[in-house]
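Report on one structure; see the data block that follows.
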Amino acid sequence: QVQLVESGGGLVQAGGSLRLSCAASGRTFSMGWFRQAPGKEREFVAAISWSGGSTSYADSVKGRFTISRENAKKMVYLQMNSLKPEDTAVYYCAAARTYISGSHLDEYDYWGQGTQVTVSS
């Protein structure tokens with residue numbers, strides 16, 4: 001069983017930065033970040049392979065967000081720069097039982113409880 005705990009969310013002004021962290025217990029393979037804004041469906045943000053050698057991003061965050069991981073610490077990060085009000089959402093960390101994963105929710109087997117990110121204009 002894998003447990004995921006996110007941290008690092010908060011309130012930030014537009015143009016600012018935040019770094020989200022996800023601590024994993026148990027063995028993890030590929031990891032991803034998703035987000036869900038009020039009244040909207042959960043959407044893909046970024047994913048990283050087990051080795052960290054392959055990453056993918058949603059078009060809306062490409063060039064602004066960076067996903068990374070430290071396997072020795074069982075940590076995954078999401079560095080978010082140039083934040084916009086439309087980035088406001090609850091951000092979820094997810095883990096898949098495959099070495100590489102993509103943008104579909106059903107590829108992921110474990111989910112964290114989420115952390116709120118609010119970007120003010």
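All values below were derived from every heavy atom in this structure, side-chain atoms included, with hydrogens, water molecules and symmetry-related copies excluded.
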(Q) Within the 4.5 Å heavy-atom criterion, are Gln116 and Thr88 side-chain neighbours or not? (A)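 Side chain of Gln116 against side chain of Thr88, heavy atoms only: contact under 4.5 Å found.
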
Item to complete: Step by step, work out the side chain to side chain contact (heavy atoms under 4.5 Å, CB included) result for Ser60 and Arg35.
Response: CA-CA 12 Å; Ser60 59; Arg35 66 187 182 186; 3.5 Å; yes

State, to 0.1 Å, how close [X] and [Y] come at their nearest heavy-atom pair, and which atoms those are.
X: Gly112; Y: Glu6; answer: CA-OE2, 3.2 Å
X: Arg64; Y: Ser82; answer: NH1-O, 2.9 Å
X: Leu78; Y: Ala46; answer: CD1-CB, 4.2 Å
X: Gln113; Y: Leu4; answer: OE1-O, 3.6 Å
X: Ala89; Y: Ala37; answer: CB-N, 3.8 Å
X: Tyr108; Y: Ala94; answer: CD2-CB, 3.6 Å

(message) Could you walk me through whether Cys93 and Trp33 satisfy the side chain to side chain contact (heavy atoms under 4.5 Å, CB included) test, starting with their C-alpha distance in whole Å, then the side-chain angles of each, then the deciding distance to 0.1 Å, before giving a yes or no?
(response) CA-CA 5 Å; Cys93 177; Trp33 286 96; 4.0 Å; yes

Pairwise ring pair (Phe, Tyr, Trp, His ring centres under 6.0 Å) hits with a residue in residues 69-94, at least two apart:
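Qualifying pairs, neighbours excluded: none.
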
When clusters are formed by joining ILVMFWY residues with side-chain heavy atoms under 4.5 Å apart, either directly or through shared neighbours, do [X] and [Y] land in the same one?
X: Val45; Y: Leu18; result: yes
X: Leu105; Y: Val90; result: yes
X: Tyr57; Y: Leu83; result: yes
X: Val2; Y: Ile67; result: yes

Salt bridge (Lys or Arg N to Asp or Glu O under 4.0 Å): pairs with one or both residues in residues 103-121, sequence neighbours excluded: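 Only Arg97-Asp109 qualify under salt bridge (Lys or Arg N to Asp or Glu O under 4.0 Å).
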
Whether over 12 other heavy atoms sit under 6.0 Å from Gln3 CD: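 It does not: Gln3 CD has 12 such atoms or fewer within range.
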
Exercise. For atom NZ of Lys62, is the number of surrounding heavy atoms from other residues, nucleotides or ligands below 6.0 Å larger than 12?
Worked result: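 Counting other residues, nucleotides and ligands, NZ of Lys62 exceeds 12 neighbours.
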
Exercise. When you look at Gln79 and Ser68, which way does the side chain to side chain contact (heavy atoms under 4.5 Å, CB included) test go after all the steps?
Worked result: CA-CA 8 Å; Gln79 178 66 42; Ser68 61; over 6 Å; no

Could you work out the complete set of other residues in the hydrophobic cluster of Phe29, with links drawn between I, L, V, M, F, W and Y side chains under 4.5 Å apart?
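The other cluster members (ILVMFWY side chains, heavy atoms under 4.5 Å, direct or chained) are Trp50, Tyr99.
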
*asked:* For a side chain to side chain contact (heavy atoms under 4.5 Å, CB included) check, start with the C-alpha distance between Asp87 and Met80, then their side-chain angles and the critical distance, and finish with the verdict.
replied: CA-CA 9 Å; Asp87 294 318; Met80 305 186 295; over 6 Å; no

- request: Give a yes or no on whether the backbone of Ser7 and the side-chain of Thr115 come within a donor-acceptor separation of less than 3.5 Å.
  value: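 Checking the backbone N and O of Ser7 against the side chain of Thr115, no donor-acceptor pair under 3.5 Å is found.
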
